[in-house]
Amino acid sequence: MSETRRLPPGFLWGAATSSFQIEGATREDGRGESIWDRLCQQPGAIADGSDGSSACDHYHRWPEDLGLMRELGLDAYRFSVAWPRVLPRGVGAVNEKGLDFYERLVDGLLEARLRPMLTLYHWDLPQALQDRGGWASRDIVGAFEEYTDVVTRRLGDRVKDWVTINEPWCVAVLGHVQGSHAPGLKDWKLGLRAAHHVLLAHGRGVPVVRQNSPGARAGIVLILSPSFPASDSEADRAAARAWDGEINRWYLDPLYGRGYPADKQAEYAAAGHAQDFVQPGDLAAISTPTDFLGVNYYSRSIVRAPVPDAQNQPRLIPEPPASSLTDMGWEVFPEGLSATLRYVHREYRPPLLFVTENGAAYGMEPGPDGRVHDEPRRAYLEGHLSACLDAVDAGVPLAGYFAWSLLDNFEWAFGYRMRFGLVHVDFATQRRTIKDSARWLSRVLRTHELPQGDR
Ligand code: IFM
């Protein structure tokens with residue numbers, strides 16, 4: 001028998017995107033080059049050989065996209081500003097046309113009664129700053145403060161939810177250790193420096209937001225993944241703890257005043273990566289109080305003990321799960337979302353939490369009836385919305401949920417092969433089609449009722 005749960009009153013329901021993934025127009029109106037423009041030119045870097053030059057053409061089609069959000073009955077929209085659109089060289093001369101674009105977007109959102117949540121950095125660093133060392137150089141912190149000042153001065157009267165940085169782990173590790181993301185580097189030393197400078201930039205950015213956007217809420221967004229050992233063995237449990245340290249605690253602990261976790265510090269030091277980049281006052285700045293924590297949750301990690309790889313380096317191998325997988329190969333595990341929210345609330349006590357990203361890649365295309373029948377995505381959403389309600393029932397101060405993503409878009413190193421959208425995009429024609437899952441979500445939001453076991 002199907003059961004129905006009421007949505008909590010006052011909760012914000014939205015969808016999320018990021019600038020490089022949807023805007024296109026990378027050479028228009030004075031936008032500077034970003035590290036992703038550069039990486040896309042590298043043969044083999046992007047699975048389908050594509051780039052972000054047109055993406056969803058949102059730079060021109062934003063009024064249509066805003067109309068889609070209204071049609072879906074969303075309350076809020078999380079988007080990011082492209083740093084190189086606003087400061088083409090990273091610092092210095094401001095590109096007014098870039099700022100004008102975001103001003104039009106924000107005004108349009110407010111007119112449509114959609115609350116903007118603005119992310120200042122979602123990975124499209126100006127290449128000019130990368131040429132000076134990027135996130136691995138401490139100078140980036142001052143550059144981020146300057147950029148934050150420019151954007152918050154212009155939009156601080158209208159935007160009242162600010163995210164400094166999206167997913168520091170991805171910036172540091174995917175960009176500087178694994179090399180699958182821009183700037184495509186492979187060096188743990190650089191990764192750890194980058195992680196520290198990202199956190200420090202966040203900490204230094206928050207007071208700038210507060211100064212220029214009175215009454216605003218400021219926070220950071222982390223990707224979090226609960227870590228499970230593949231077996232009960234001592235070695236697997238240690239590996240799961242190590243992975244938890246890398247992806248979760250390395251960011252949560254310093255943000256909430258605990259400093260970097262001692263077990264990971266020791267592990268990195270033993271591998272020859274001293275944390276000599278931490279200067280007096282940094283940890284206090286990083287733990288500057290914020291108004292909320294944004295949690296991006298997609299799946300859990302199942303971890304086996306390190307095995308030597310070709311270079312004889314220990315490596316953490318996330319276990320491929322047997323149950324249902326999305327096109328990304330990520331397990332559908334909604335219990336992990338409520339568990340993560342409860343864990344963060346219990347351990348770190350952020351005043352408010354948002355699920356700032358959650359969603360699934362499934363490649364369904366429009367059928368002969370013109371509709372996109374994406375039942376697996378609907379089921380994914382149902383499970384994860386229900387997990388949010390479980391967290392609220394357990395006393396977690398969860399204030400909103402943003403589905404990833406409003407549109408099918410440029411999924412980084414996967415190019416356009418991974419479709420996370422509530423709305424299907426035909427990248428050849430730019431035609432948008434609302435998927436069945438989005439129609440279902442829209443019904444849930446309008447009725448304020450979440451039916452369980454729906455079909
Ligand atoms: O598309 C990304 C997004 O940019 C950041 N969080 C994870 C999403 C899915 O991989």
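Note that this is a predicted model, so its numbers are computed, not measured. For reference, positions follow the sequence shown, starting with 1. Counting convention: from 1, in listed order, for ligands and their atoms alike.
- At a threshold of 4.0 Å, the pair Glu23-Arg31 does not count as salt-bridged, since none of the basic side-chain nitrogens sits closer than that to a carboxylate oxygen.
- Not a single N or O atom of Trp123, backbone or side chain, sits closer than 3.5 Å to an N or O atom of ligand 1.
- Ligand 1 has a nitrogen or oxygen under 3.5 angstrom from a nitrogen or oxygen of Gln21.
- Residue contacts with ligand 1: Ser18 is placed with no nitrogen or oxygen under 3.5 Å of a nitrogen or oxygen of the ligand (distance criterion only).
- Considering only non-hydrogen protein atoms, atom 9 (C) of ligand 1 sits nearest to Glu411 OE2, 3.4 Å.
- Residue contacts with ligand 1: Trp412 is placed with a nitrogen or oxygen under 3.5 Å of a nitrogen or oxygen of the ligand (distance criterion only).
- No side-chain donor-acceptor contact under 3.5 Å links Ser213 and Thr152.
- Ring-centre distance between Trp188 and His176: not below the 6.0 Å cut-off.
- Gln21 CD to Phe420 CZ: the interatomic distance, rounded to the nearest 0.5 Å, is 9.0 Å.
- A donor atom on one side chain and an acceptor atom on the other are not found under 3.5 Å apart for Tyr121 and His202.
- With hydrogens left out, the protein atom closest to atom 7 (C) of ligand 1 is Glu357 OE1, 3.3 Å, a heavy atom.
- Near Trp330, the atoms of ligand 1 lying under 4.0 angstrom from a non-hydrogen atom of the residue are 10 (O).
- Less than 4.0 angstrom separates some heavy atom of Glu167 from each of these atoms of ligand 1: 5 (C), 6 (N), 7 (C).
- Of the N and O atoms on the side chains of His197 and Arg193, not one donor lies less than 3.5 Å from an acceptor on the other residue.
- Remark: distances from the non-hydrogen atoms of Met418 to ligand 1 are all 4.0 Å or more.
- Of all protein heavy atoms, the one closest to atom 8 (C) of ligand 1 is Tyr298 OH, 3.4 Å.
- Considering Thr119, Asn296, Thr356 as possible partners of Asn166, the one that fulfils the side-chain hydrogen bond (donor to acceptor under 3.5 Å, both in side chains) test is Asn296.
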